[in-house]
Amino acid sequence: MATVYLLIGLQGSGKSVWANENAGWLEAEVISSDEIRNELEAQGKDAMNNGRVFAIFNERLERELQRGRNVILDATHARRTWRADSLAIARQHGSAAVGVWFDVPLVVCRQRNASRKGELWGERAVPDNFLLGVARGFEGPEAGEFDEVWRIMNGQAP
C-alpha cells in the first residue's frame with residue numbers, strides 16, 4: 001500500500017526542504033505546487049490559477065498512486081478544504097495518509113520568507129500580507145483526518 005505524505009505549513013516553514021531531504025528514505029515522489037507554477041510560467045500560462053495548478057497537482061498524485069508509489073505532496077495545505085481533494089484521492093486508492101505538520105512560529109516563517117531572493121516559485125518571497133492571511137486562516141490537522149500525523153517543529157524530524 002502506498003503512503004501519501006501531505007505537508008501542512010505556512011510559507012517559510014521548511015516544507016520543500018524537508019520534502020527533498022526525506023524523499024529518499026520514504027521512497028517517495030515529490031509533487032510540488034511551486035514546481036507546477038514554475039512549469040506553467042515557463043509555458044506562458046497563468047501560474048496564479050489555483051484551479052489549474054491543483055488540477056495538475058492531483059492528476060500527478062493519481063498517476064503516482066496508480067503506479068503504487070509513495071508521494072510527498074508539497075503545498076501549504078493550510079486549510080482543510082485545500083487538502084480535501086488530495087486526501088480523497090489517497091483514500092480512493094487505499095493509500096495511507098500521513099499529515100506532516102510544520103508547526104513553526106509565524107515570526108520564523110516571516111523571517112525565512114523575507115530572506116528569499118530567488119526568481120522562481122518556492123525561491124521568491126510571497127507578500128507578507130498574503131503569508132499573514134494564510135496564517136490567520138490556518139487549520140492544523142484534525143482528529144480522523146489522517147491515519148497518522150507527524151509534527152515537525154523548527155525543521156526537526158518526527
Asker: So, does N113 use its side chain to make a donor-acceptor pair with the main chain of V126 at under 3.5 Å?
Answerer: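 Checking the backbone N and O of V126 against the side chain of N113, a donor-acceptor pair under 3.5 Å is found.
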Asker: Determine the interplanar angle of the Y5 and W150 rings, folded into 0 to 90°, and report it as parallel if under 30°, tilted if 30 to 60°, perpendicular if over 60°.
Answerer: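 Rings of Y5 and W150: tilted, as their planes differ by 30° to 60°.
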Asker: Indicate yes or no for a side-chain donor-acceptor contact from R112 to the backbone of S13 under 3.5 Å, with no hydrogens or angles considered.
Answerer: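 Checked: pair present.
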Asker: If you look at every heavy atom in A28 and R69, which pair is closest and at what distance?
Answerer: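 Answer, listing the atom of A28 first, then R69: C-NH2, 4.5 Å.
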Asker: Please confirm whether the backbone N or O of N49 pairs with a side-chain atom of R37, one donor and one acceptor, at under 3.5 Å?
Answerer: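 No, the answer is negative, given that no donor and acceptor are paired below the 3.5 Å cut-off.
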Asker: So, Q11 side chain and L131 main chain: donor-acceptor pair closer than 3.5 Å or not?
Answerer: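 Not confirmed, Q11 side chain does not pair with L131 backbone.
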Asker: Report whether V104 and I8 are members of the same hydrophobic cluster (ILVMFWY, side-chain heavy atoms less than 4.5 Å apart, transitive linking).
Answerer: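 In one cluster: no.
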Asker: Please confirm whether the backbone N or O of G12 pairs with a side-chain atom of K15, one donor and one acceptor, at under 3.5 Å?
Answerer: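 Not at all, since once roles are kept as given, no pair shorter than 3.5 Å links the two residues.
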Asker: Considering all heavy atoms of both residues, which atom of D147 and which atom of A96 are nearest to each other, and what is their separation?
Answerer: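 The pair with the smallest heavy-atom distance is OD2-CA, 3.3 Å.
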Asker: Below 4.0 angstrom, N of the basic side chain to O of the carboxylate: do D34 and R124 qualify?
Answerer: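 No, this pair does not count.
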Asker: Counting only heavy atoms not in E119, do more than 12 fall under 6.0 Å of its CD?
Answerer: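 Incorrect, the count does not exceed 12.
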Asker: Are R83 and E145 ion-paired here, with the side-chain N under 4.0 Å from a carboxylate O?
Answerer: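 The answer is yes: the pair qualifies as a salt bridge.
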Asker: What heavy-atom pair brings V53 and A47 nearest, and what distance separates the two atoms?
Answerer: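 Looking at all heavy atoms of both residues, the closest pair is CG2-O, 3.7 Å.
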Asker: Measuring from S16:OG to L7:CG, what's the distance to the nearest 0.5 Å?
Answerer: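 It comes to 8.0 Å.
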Asker: To the nearest 0.5 Å, tell me how far L73 CG sits from I89 CD1.
Answerer: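 One gets 9.0 Å once the value is rounded to the nearest 0.5 Å.
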Asker: Can you name the closest pair of heavy atoms from A2 and N70 and give their distance?
Answerer: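 The pair with the smallest heavy-atom distance is CA-OD1, 3.4 Å.
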Asker: Can you name the closest pair of heavy atoms from A19 and V30 and give their distance?
Answerer: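 Taking A19 first and V30 second, the nearest heavy atoms are O-CG2, 3.9 Å.
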Asker: Output the distance between atom OG (S86) and atom CD1 (I31), rounded to the nearest 0.5 Å.
Answerer: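 Rounded to the nearest 0.5 Å, the OG-CD1 separation comes to 8.5 Å.
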Asker: With ring-ring contact (aromatic ring centres under 6.0 Å, His included) as the test, would you mind laying out the steps for W82 and F54 before giving the verdict?
Answerer: CA-CA 9 Å; W82 294 358; F54 285 95; 8.2 Å; no
Asker: For a ring-ring contact (aromatic ring centres under 6.0 Å, His included) check, start with the C-alpha distance between H77 and F146, then their side-chain angles and the critical distance, and finish with the verdict.
Answerer: CA-CA 13 Å; H77 295 116; F146 295 94; 8.9 Å; no
Asker: Has E142 got more than 12 heavy atoms of other residues, nucleotides or ligands less than 6.0 Å from its CD?
Answerer: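 Yes - once you tally the heavy atoms of other residues, nucleotides and ligands closer than 6.0 Å, there are more than 12.
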Asker: Can you establish whether the number of heavy atoms outside F138 located under 6.0 Å from its atom CZ is more than 12?
Answerer: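 Atom CZ in F138 is crowded, with more than 12 foreign heavy atoms closer than 6.0 Å.
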